[in-house]
2 protein chains.
Amino acid sequence: MSKQKILLVDDEPDILEIIGFNLEREGYEVFTAPNGRKALEIARKQKPDLVLLDVMMPEMDGMDTCRELREDPNLKDTLIAFLTARNEDYSQIAGFDAGADDYISKPIKPRVLVSRVKALLRRQVAIEPVATKTNLSGIVINKERYVVYKDGVELSLPKKEFELLALLASQPGRVFTRESILSNVWGNDVIVGDRTIDVHIRKLREKLGDDFFKTIKGVGYKFEP
Amino acid sequence: MSKQKILLVDDEPDILEIIGFNLEREGYEVFTAPNGRKALEIARKQKPDLVLLDVMMPEMDGMDTCRELREDPNLKDTLIAFLTARNEDYSQIAGFDAGADDYISKPIKPRVLVSRVKALLRRQVAIEPVATKTNLSGIVINKERYVVYKDGVELSLPKKEFELLALLASQPGRVFTRESILSNVWGNDVIVGDRTIDVHIRKLREKLGDDFFKTIKGVGYKFEP
DNA sequence: CTTGGTCGTTAATAATGCTTTAACCCTGAG
DNA sequence: CTCAGGGTTAAAGCATTATTAACGACCAAG
């Protein structure tokens, strides 16, 4: 499971830095943009989960940016929150349905912001897909229960092992490169040594049987029922 | 599958129009009423899936209307959500007693409202259908009476503990992530620390036995009979 | 208006056990 | 034979969870 992405847009570099730092510390992947135009560009490329948008900006302001974001069908589900100065006429903004999901008023306290962001993203994730069962020659993977059955016997694998198995089994027979394993299971910006994957593969082999996991030298691994 | 019905009750015509418009755009069938009396009338005829109820209204206020709705056996399963001014703390408590399912605080942001409504109606199909009584290897959960029996002995759990138990037991064996626990038991915009869940789990383990609650590190908890 | 109790939350600290590393071994291609 | 890529192992490192105590909010009884 990879990090959730947040795009932070404000024309003050200080704000970008402080808030960005706080969000990164919470484990989010943060992108920043100094203006609306740049924001749109990044948004289209990165498809962030949440955009934090300053209302007052030179050139293209928050409202306009918001509207443009909403018009892009690929960004339909992106959450947008406005950062507003405290005593801007709140009702006027709120009444204007530019499509914001939340308002956060300045001056911004990092802790508060982080909580609000968490709450917003939590709501989004709550809509998680549920059913997921895979059955492959005696091996049943039940993502819902976080449990694997081998010939009817229940095994509960630790998180990383489970996710690695789930990935490989998602397309049996297909070879996953080490690189793609890393980015899917560990996330794009986690740095771990190559041996880490081996070790996890080993544990899976130990628990499920050697034969299921085939090594393709110089490339990666595949799962074979 | 036919449209889900929503009854919107508020004495301000503007609100009815704006919110009504947004909900209709999302594919719901919307009825509106300017006061409690009218609301009851429509509710009895239409049996809406959800009633959005302004707390402050002339004549019969939201609380009273809510209570009357709850008394009608035909409307037993109807969801009720209150629309409240932001810091009316008191109404919060009184309202849950009156049988509310959610609170949405004013000023109302259309998009926020729509996602809350979606979440509520989804929860309805996803979690409610589990009977109000559940019996799992010596543990009986009676949602109606807010009471739990362990091997015939009655335990009365505090609200949060009960709700947590009810959630986990609603789908035994399924892992609930911390996030989904938070959004189902605490609600989407309550900010509490992660440790809070642990503490409640601990209390449940204390009262019902360790074995029922399994920790999946890095993921969440599940209930196992 | 007090008092005593329960509940919900947090903070601090301890315990747990998953992850990763590092060092060394094995194997097959060339 | 050589060596690059992979396998194995144990132990260190780390993140997550468990536990406890303490606090504040609330409520009911006096």
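Here is the naming used below: chain letters follow the sequence lines, and residue numbers restart at 1 for every chain. The structure displayed is predicted, hence computed values, not measured ones.
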Practice item. Give the B/S/- string for nucleotides 20-26 of chain C, one per nucleotide from 5' to 3', where a protein heavy atom under 4.0 Å of the base yields B, of only the sugar-phosphate yields S, and otherwise -. Key: BB-B---
Roughly how many Å is it from [atom1] in [X] to [atom2] in [N], rounded to a whole number?
X        : N      : atom1 : atom2 : result
A/Leu204 : D/dT8  : CG    : C1'   : 15 Å
B/Asp210 : D/dT17 : CG    : C1'   : 14 Å
A/Phe213 : D/dT8  : CZ    : P     : 13 Å
B/Ile197 : C/dT10 : CD1   : P     : 11 Å

Check your understanding: Which residues satisfy the salt bridge (Lys or Arg N to Asp or Glu O under 4.0 Å) test with B/Lys214, sequence neighbours excluded?
Key -> none
**Study point:** By salt bridge (Lys or Arg N to Asp or Glu O under 4.0 Å) - contacts of A/Arg44 (at least two apart)
**Key:** A/Asp72
Exercise for review: Describe the nucleic acid contact of A/Phe162 in one word from base, sugar-phosphate, nothing, applying a heavy-atom distance below 4.0 Å.
Suggested key: nothing
Anything under 3.5 Å between a donor and an acceptor, one on a side chain of residues 145-153 of chain A, the other on a protein residue two or more places apart or in another chain? List them.
from	atom 1	to	atom 2	distance (Å)
A/Arg145	NH2	B/Pro172	O	3.3
A/Tyr146	OH	A/Glu163	OE2	3.4
A/Lys150	NZ	A/Leu208	O	3.1

Atom pairs, N/O to N/O, protein against nucleotides 12-15 of chain D, distance under 3.5 Å?
none

Check your understanding: Yes or no on side chain to side chain contact (heavy atoms under 4.5 Å, CB included) for A/Ile6 and A/Leu23, after CA distance, side-chain angles and deciding distance?
Key -> CA-CA 8 Å; A/Ile6 298 179; A/Leu23 291 172; 4.1 Å; yes
Exercise for review: Please name all residues satisfying side chain to side chain contact (heavy atoms under 4.5 Å, CB included) with A/Lys5, sequence neighbours left out, ordered by chain then number.
Suggested key: A/Glu29, A/Phe31, A/Gln46, A/Pro48, A/Asp49
